[in-house]
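Below is one structure, written out as structure tokens; comments come after it.
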Amino acid sequence: MKKDKKEHLKQMTYIFILSMVFILFLTGYSIGKSISQTTIKAKGNLAKPIIEVISNSNLKITDSENEGKCNFAVRNYDEKGKITEINLQYTVEIKDKIDEKLKDTVTYELYKNGEKIELQNQTTPVIKLENKQQQEDKYILKVKYDKTKSTEMRDILDTIQIQVHSEQEANK
């Protein structure tokens, strides 16, 4: 009698499992992971940054003319008067390839709108250009050569570059 009950329970379990599988098969229900995808469309224009460097100076420094001035300007508008659409920031860097033994013979002084700017490793601190109104920063770079500070018996035959590095101001 116990065998019949166990056998009957076993058959009922099989029938139940098979009927559940059959019902799930007919309903079209599936067990699985669903994936959804959302598409977002937007239209926007990129802001146009404008920064111009104007310079027409060319210096030649010699033993007899051991000091020179280079004038240049940095502005946030173009020749048509169109102002930059975003706030910018920039640095001015003075690049040279002067030998380390001769570095003491050349000194640089940079003035922005008549005020002296302290240079760190021949680079200015970050300077801002805003997009609210036309802005032009006028610079004078004074280069001085003192041959007496060198223990070397050779001259410097090199050029000096003024580089302006700009980027969009970070949003706060």
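Because the structure is a prediction, the values reported are computed rather than measured.
- Using a 4.5 Å cut-off between side-chain heavy atoms of Ile, Leu, Val, Met, Phe, Trp and Tyr, with links allowed through other members, Tyr90 and Ile117 fall into the same hydrophobic cluster.
- Here OG1 of Thr91 is found 9.5 Å from CD of Gln163. Values are rounded to the nearest 0.5 Å.
- In the hydrophobic clustering of this structure, Ile127 groups with Ile86; members are Ile, Leu, Val, Met, Phe, Trp, Tyr whose side-chain heavy atoms approach within less than 4.5 Å, directly or through other members.
- Atom-to-atom distance recorded for Asp137:CG and Lys112:NZ is 4.0 Å, nearest 0.5 angstrom.
- Between Asn87 and Lys128 the shortest side-chain heavy-atom distance does not fall below 4.5 Å.
- In this structure, OG1 on Thr84 lies 6.5 Å from CG on Asn131, to the nearest 0.5 angstrom.
- For the pair Val106/Tyr108, a side-chain contact is recorded, criterion being any heavy-atom separation below 4.5 Å from C-beta on.
- Contact between Phe16 and Ser19 at its shortest, heavy atoms only, is O-OG, 2.8 Å.
- If you take CD1 on Ile94 and CG on Asn121, they are separated by 11.5 Å, rounding to the nearest 0.5 Å.
- Taking the side chain as every heavy atom from C-beta outward, Lys142 and Ile140 approach each other to under 4.5 Å.
- Between Tyr139 and Phe72, the angle of the ring planes stays under 30°, which puts this pair in the parallel group of the 30/60° scheme.
- Across every non-hydrogen atom of Ile50 and Leu88, the tightest pair is O-CD1, 3.4 Å.
- Considering Gln133, Gln135, Glu136 as possible partners of Tyr77, the one that fulfils the side-chain hydrogen bond (donor to acceptor under 3.5 Å, both in side chains) test is Glu136.
- Inspection of the Glu93 and Gln122 side chains reveals no N or O donor paired with an N or O acceptor under 3.5 Å.
- Between Ile162 and Ser55 there is no side-chain heavy-atom pair separated by less than 4.5 Å.
- More than 12 heavy atoms of other residues, nucleotides or ligands shown are found within 6.0 angstrom of CD on Glu79.
- To the nearest 0.5 Å, atoms OG1 (Thr123) and CG (Leu110) are separated by 10.5 Å.
- Expressed to the nearest 0.5 Å, how far CG of Asn76 lies from CD1 of Ile83 amounts to 6.0 Å.
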